[in-house]
Amino acid sequence: MAGPGSDKLLRAKDLVKVYKAGEVEVRALRGITMEVEQGEFLAVTGSSGSGKSTFMNILGCLDIPTSGSYWIDGQDVSKLNRNQLAELRNRKLGFIFQSFNILPRTSALENVELPLLYNRTVNAKDRRQRAHDALIKVGLQDKITSMPNQLSGGQQQRVAIARALINNPRLILADEPTGNLDTRTSYEIMAVFQSLNDKGITIMMVTHEPDIAQFAKRKIVFRDGRITVDEKITNRKFAEEELKHMPALAVEETV
Amino acid sequence: MRVANLILVAFRSLARNKMRTFLTMLGIIIGVGSVIAMLAIGEGSRVNIQNSIASLGTNSIMIFPGAISHGGVRMEAGSVQSLTKEDAQAIAQQCDLISYVSPVVTKGAQVIASNQNWRTLCIGVYNDYFSIRGLNLSNGRLFSASEHRSAAKVCIIGLTVSNSLFGEGHDPVGEYMRINTIPFRIIGLMEKKGQNTFGQDQDDVIIAPFLTVQKRMLSTTNVNQILASSSTAAAMDDATDEIIQLIRSRHHLKDTDEDDFTVRTQADISNIFGSVSKVLTILLASIASIALLVGGIGIMNIMLVSVTERTREIGIRMAVGAKGRDVLIQFMIESIFISFLGGVLGIAFGVTASSMVARFGGWPVFITPFSVVLSFVFSTAVGLFFGWYPAQKAAGLNPIEALRYE
Ligand SMILES: Nc1ncnc2c1ncn2[C@@H]1O[C@H](COP(=O)(O)OP(=O)(O)O)[C@@H](O)[C@H]1O
Ligand SMILES: [Mg+2]
């Protein structure tokens, strides 16, 4: 058994999460043990209510488990306090949500800068520069000063991705990032993910769409708070290729 | 570095919601503005009253006939006849600390000159009266000793009387007029004094030699009042005592008898009105403070609503690494900035409002630096105090719950 100093990027051991709503107890996670290595692209699937989001929120240090322990980049997260968790989110993690969660009435650039505003080691000039670079990386070089209401759903999600990238995270966690997007836009997001992964960024992505999961390298399946399947993706799809075969119509995006 | 970032964050958030920011500020603007204006009005009327009292004459001492009754109310001047011209003479001769003294008699006067008619007040005094009250002539001369001795039919008039009888711009000196049918020659015109705080026109008066009024118009031996002034402000109390002792002995009062006259110094009157206007100022200030308090509660309200409304924003900030403390500081900066800027605008508003009151209402106003500093400090404190609770609430939010908030 590898200890805290394990070279794995992520290690979870017997994670349990119980939600108490008055008398009723919901056992959302019933003992999750798994590992993720540096450079992986992992799809987390499973039916609705199986505990995927709960798991991701715990890994993202947004929520804490009822019991069990986990290590991110060798650090025992279950021993950290509120402020240390905030620091970990700020320095090592990037989180992408289904509903984008970008600040309204705030330009793309200012949204992307946000994590660095809470990082005292980055000065204003670098912050601007890095936000610029991140927006270019996700293909939004023309939308730098745009407000969210001037952006399509796919573009808003790219802003969120750029924001997740800006602190050079060790791990990107995405909870149904394409859930609100149409197929073509979803594939474009997958193209961004695959290119980030090619540059060595580790990604964990929840999706309930089987074709989206095919873009990852490994897949785990949740069922009733347990992992039932953990396998390598065999016939992996490549978003750039797929997009070439799709009609290049400027399809109205559903947001 | 980090605080600079949080200031930036707070300012961006205020700028994103300009309307909300302004409306929140409005409460503070009105609160601070009314504190400034109310204190300015209160202070203005205090200064004004003090000036009016000063116009009674510096270091002046008034002696009235009659005692103060137990309720503190003096019996009406005419009802007791205890002071005489000789009392005034005795004061002049025997009280070392008194530099000027004059008995005063007054009589309502119906004046006629050419075809003009005017109702005013005629007072009979010695020349010391002019020194005590600080009255100056713009034209003509004071009474001569022989005019005093002979109860001459000469008078000095105020500007209102002159204008009413002879029209504006006409020099009345040398003219004749009838006061209650007796013909008088006008030998002097007084400089304009204007209204006092109590609305009396100080120029609507005729001054004649003491004996002229007492003998020719009143035929009495009593006086309405004796007016004196001490040589220095420091000697006021001793001078007052001197007068009391002298008049008591002149009136043959036993040790157990109460005074049959009343002595009031300018300082006494000034104190009475001073405390009245202090009460007025405190009253106005407390009304204004309530306005400021309401403004503060307004800040708290909006900040609380905005914590709820911005729960998701707070969740997003926390998700990307904001600590509870960062959120707390951001919200505190927002509310302090609102109340700070509200304070600045409120001061501008208060100053404008007070000068409007001065210009259009004819009310005297006086803005003290103290009231500016006070309301400024107070409004910023209001921001701190009322911003704390909502900020604390925002900082205590759990990131995942904040994000889930709809
Ligand atoms: N905050 C919560 N309070 C109570 N129950 C919850 C809460 N969040 C999730 N659950 C329950 O936990 C289970 C797992 O939920 P979730 O992790 O959101 O599943 P998934 O993302 O796979 O759809 C569900 O039964 C859900 O109802
Ligand atoms: Mg989910």
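Proteins come first, then strands; the chains are lettered A, B, ... in the order of their sequence lines, and each starts at number 1.
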Task: B/Arg12/A/Glu113 salt bridge by N-O under 4.0 Å criterion - done: yes
Open item on the list: Under a 3.5 Å threshold, yes or no: a donor from one side chain and an acceptor from the other, between A/Arg27 and A/Tyr19?
Closed with: no
Open item on the list: Test your reading of the model: is there a side-chain donor-acceptor pair from A/Asn90 to the backbone of A/Ala86, 3.5 Å cut-off?
Closed with: no
Task: Contact leader toward chain A among B/Met318, B/Arg16, B/Arg312, where contacts are heavy-atom pairs under 4.5 Å - done: B/Arg16
- [ ] Look at A/Leu114, A/Leu88, A/Leu116 and state which one has the largest set of heavy-atom pairs under 4.5 Å with chain B.
- [x] A/Leu114
Open item on the list: Less than 3.5 Å apart, any donor N or O on the side chain of A/Arg91 or A/Asn167 sitting next to an acceptor on the other?
Closed with: no
Open item on the list: Is A/Asn101 close to chain B through its backbone or its side chain, or both, or neither, when contacts mean heavy atoms under 4.5 Å?
Closed with: both
- [ ] Please state whether the side chain, the backbone, both or neither of A/Arg82 comes within less than 4.5 Å of a heavy atom of chain B.
- [x] side chain
Task: Side-chain donor/acceptor of A/Asn123 to backbone N/O of A/Asp126, under 3.5 Å - done: yes
Task: Contact origin within A/Ile102 toward chain B - heavy atom pairs under 4.5 Å - done: backbone
